[in-house]
Amino acid sequence: MYYVYILKSEKDNGMYVGKTNNLQRRLEEHKGGHVSSTKSRRPLVFLECISCEIEMESRILEKEYKKGYKREEVRRKYKLV
């Protein structure tokens, strides 16, 4: 199982989208400051997670949330920058 997850930065009100096959481990890495993309943007709040059966599906979905139309949907839904 693969997961696409969305985090919100409390510091700059921005969003971070990522994918993983181990959600709990990945969230701990973000929380502990072990991810360079989010280290300076902590604290982070978990917003949502979408599960995918295959890795290719999660790659496509992650791309849509990072650069596609779904990005704007999430921004409106959670009132993000």
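Keep in mind that this is a model prediction, so the values were computed, not measured. Scope of the values below: all heavy atoms of this structure, side chains included, with no hydrogens, waters or symmetry mates.
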Point to revise | Atom of Cys52, atom of Leu61 and distance for their closest heavy-atom approach | key: SG-CD2, 4.0 Å
**Study point:** Evaluation steps, side chain to side chain contact (heavy atoms under 4.5 Å, CB included), between Ile6 and Tyr78
**Key:** CA-CA 11 Å; Ile6 303 170; Tyr78 294 107; 5.6 Å; no
Check your understanding: How long is the span from the NZ atom in Lys63 to the NZ atom in Lys19, to the nearest 0.5 Å?
Key -> 13.0 Å
Practice item. Check whether any side-chain heavy atom of Val74 lies under 4.5 Å from a side-chain heavy atom of Val17, and answer yes or no. Key: no
Point to revise | Separation of Arg25 CZ from His34 NE2 (nearest 0.5 Å) | key: 11.5 Å
Check your understanding: Checking Thr20 side chain against Arg26 main chain: does a donor-acceptor pair fall under 3.5 Å?
Key -> no
Check your understanding: Do Glu72 and Arg75 meet the salt-bridge criterion of a basic N to acidic O distance under 4.0 Å?
Key -> yes
Exercise for review: Return the minimal non-hydrogen interatomic distance between Leu7 and Leu44, and the atom names on each side.
Suggested key: CD1-CD1, 4.0 Å
Exercise for review: Look at the rings of Tyr16 and Tyr5 and say which category their plane angle falls in: under 30° parallel, 30 to 60° tilted, over 60° perpendicular.
Suggested key: tilted
Review point. Should the pair Lys66-Glu62 be classified as a salt bridge under the 4.0 Å nitrogen-to-oxygen rule?
Key: yes
Review point. Is it true that a side-chain atom of Arg71 and a backbone atom of Gly68 form a donor plus acceptor pair closer than 3.5 Å?
Key: no
Check your understanding: Does the side chain to side chain contact (heavy atoms under 4.5 Å, CB included) test come out yes or no for His30 and Arg42, once each step is laid out?
Key -> CA-CA 8 Å; His30 283 291; Arg42 294 181 296 159; over 6 Å; no
Check your understanding: Hey, does the side chain of Lys11 reach the backbone of Ser40 with a donor-acceptor pair shorter than 3.5 angstrom?
Key -> yes
Practice item. Calculate, to the nearest 0.5 Å, the distance between atoms OH and CD1 belonging to Tyr3 and Ile50 respectively. Key: 12.0 Å
